[in-house]
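First the structure, in the form of structure tokens, and then the observations on it.
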Amino acid sequence: MNSMMVAAHATDPSLQTFEDDIWWITLIKLLGVFVILLLLTLFTINYERKVVARMAVRPGPNQVGPNGWLQSLTDGLKLPFKEEIIPKTADKVVYFIAPVISATTAFTAFSVIPFGGVVSMFGHKTALQLTDVPVSVLVLLACSSMSVYGVVLAGWASGSTYPLLGGLRSSAQMISYEVAMGLSIVAVFMTAGTMSTSQIVKAQAEGNPFHLFGMELTTPSWYAVLLFPSFVIYMIAAVGETNRAPFDLPEAESELVGGFQTEYSSFKFAMFYLAEYINMITVSAFCTTLFLGGWRAPWPITAVWHGANSGWFGMIWFFVKVLIFLFGFIWLRATLPRMRYDQFMRLGWKILIPVSLVWILFLSYVKIANNEMSERSKWLSIGGLVVVVLLVAMFWPSQRKPRQLSVEEQLAARPPGSFPVPPMDLQVPPSPRARRAVAERTPATVGGDTENKEV
């Protein structure tokens, strides 16, 4: 994961590689991507249930199949045959289209993800990627933007209040964190000089040499190290974009029942469920492509095994990295409580987006300094800029909350003639009439005895 990562015997595809593909090779790759996503979804559901069960010290699924690994398959086969309940007030056409939009965009986003380099398939050279265009990253962002329509339409078409509120909340969340995600990716464009996913992977094959005070060094090849702030912002935004815990506010059971999909059942609910897990896989694969070198093996493996990146081995390293990210999603769900909605939106708009903008401006200055300044002036100016940014962040005025007044101070500050305030200690004072009746009552005596005798 550092400067010693090399591209050993790996053939990187170019845009021309995809134009030369035969139609039936493309069809095979399309079917392969579809099958891989279905199998990976079934695995991820069971993987999540087992990991969460292990963290919670309970058995988890262990009855269906070897060690319970066929539980997700049986659930997937059962859902389409369950009874479908459609509300009377639902818009039937939009009610059906909404889950189709969510599932379609989830599958489409994976079409530009590279699984590996150029391999031989039935005697023909082809890349382990369905297709690639000069703006592949924008295709991914467009698919994530289109998925918002499925959520909004599902909440509106159900004809119920709770799904509508869940759809509005979910759309606001996805749009907000999509902005932060897009800004975090801008740094990758600037560094790699391309928006093609296959070329971004190629740009991370080797680090770039640079000079520091007369010494020749090499930058890390993975953008997760070189662009660490963008990597952190992307991971946080990815959790918010996929509505996963602790950011699963649209499905807060205590507030909105089940969110935008409350009124869905049977196969339509299965499509939403499938879209959610495919989105998890997509953002994990996207992060692997942009920040972790894609399908290339990490440095310790390539240093020992020079053929680690050749042939079909790239798929192994790719899916290992994806599974590590999926484990992160599961770990967050098992450990962190759900955030409050205002805190969640404040994190996106007031922290992630401003930090992304400052980071992009800083990278822009570094690129200009590399081209127009001498080595000494460049590093001194960059160091001074970092110090200025840190000082501004430290002394930035924060919004101070007013001091909380005590109950006595609040009562004393009330204007004269205000309505009476009930006691704050929940103790009701005795009635004045009751005190007077007790005071005026004479002790009961019998036969002129003293008052100490019991009656």
Side-chain angles (χ1 to χ4, degrees), residues 3-34 36-37 107-143 185-209 218-224 226-227 282 285-299 301-302 306-319 321-322 367:
S3 60
M4 296 190 66
M5 179 186 295
V6 295
H9 304 289
T11 305
D12 292 284
S14 62
L15 296 179
Q16 186 64 35
T17 305
F18 302 96
E19 296 178 2
D20 297 337
D21 274 346
I22 307 175
W23 67 270
W24 55 270
I25 291 288
T26 304
L27 190 61
I28 291 175
K29 292 195 292 184
L30 175 63
L31 181 62
V33 170
F34 182 76
I36 286 175
L37 284 178
F107 278 103
T108 305
F110 226 84
S111 61
V112 293
I113 296 292
F115 295 92
V118 176
V119 298
S120 177
M121 184 181 298
F122 302 106
H124 296 275
K125 293 291 184 179
T126 185
L128 289 178
Q129 181 178 351
L130 183 57
T131 187
D132 194 14
V133 292
V135 289
S136 293
V137 180
L138 297 185
V139 174
L140 282 165
L141 293 178
C143 290
I185 298 172
V186 172
V188 178
F189 302 161
M190 296 170 57
T191 307
T194 179
M195 292 186 184
S196 168
T197 50
S198 61
Q199 301 307 307
I200 290 175
V201 174
K202 182 179 180 180
Q204 298 178 74
E206 297 179 359
N208 297 319
T218 306
T219 60
S221 57
W222 284 7
Y223 292 152
L226 187 62
L227 307 174
T282 301
F286 196 29
C287 188
T288 299
T289 301
L290 296 183
F291 295 101
L292 295 185
W295 49 267
R296 296 182 180 277
W299 164 69
I301 297 177
T302 54
H306 297 289
N309 291 325
S310 60
W312 295 79
F313 290 113
M315 293 187 66
I316 299 177
W317 318 125
F318 177 81
F319 284 112
K321 297 174 185 178
V322 170
K367 291 184 70 68

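Because the structure is a prediction, the values reported are computed rather than measured. Numbers here are sequence positions counted from 1.
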For [X] and [Y], which heavy atoms make the closest approach, and how far apart are they?
X: F318; Y: I113; answer: CZ-CG2, 3.4 Å
X: I200; Y: A192; answer: CG1-CB, 4.2 Å
X: M121; Y: T126; answer: CB-CG2, 3.8 Å

Between the side chain of W317 and the main-chain N/O of A308, is any donor-acceptor distance below 3.5 Å?
yes

For the CZ atom of F107 and the CG atom of L30, what is their distance to the nearest 0.5 Å?
10.5 Å

Atom pair CZ/CZ of F286 and F291 - distance to nearest 0.5 Å
8.0 Å

Of all residues at least two apart in sequence or in a different chain, which pass the side chain to side chain donor-acceptor pair (under 3.5 Å) check with [X]?
X: S14; result: T17
X: S136; result: D132
X: Q16; result: D20

Under the ring pair (Phe, Tyr, Trp, His ring centres under 6.0 Å) rule, collect the residues that match up with W24, sequence neighbours excluded.
H124

For F18, the ring pair (Phe, Tyr, Trp, His ring centres under 6.0 Å) test, sequence neighbours excluded, returns none

Check: F110 ring centroid to F34 ring centroid under 6.0 Å
no

Name the residue from V112, T194, I185, V186 that meets the side chain to side chain contact (heavy atoms under 4.5 Å, CB included) definition with V137.
I185

Which one of V322, L140, V188, T197 satisfies the side chain to side chain contact (heavy atoms under 4.5 Å, CB included) criterion with T289?
T197

Sorted by chain and number, sequence neighbours left out, salt bridge (Lys or Arg N to Asp or Glu O under 4.0 Å) with K29 holds for D21

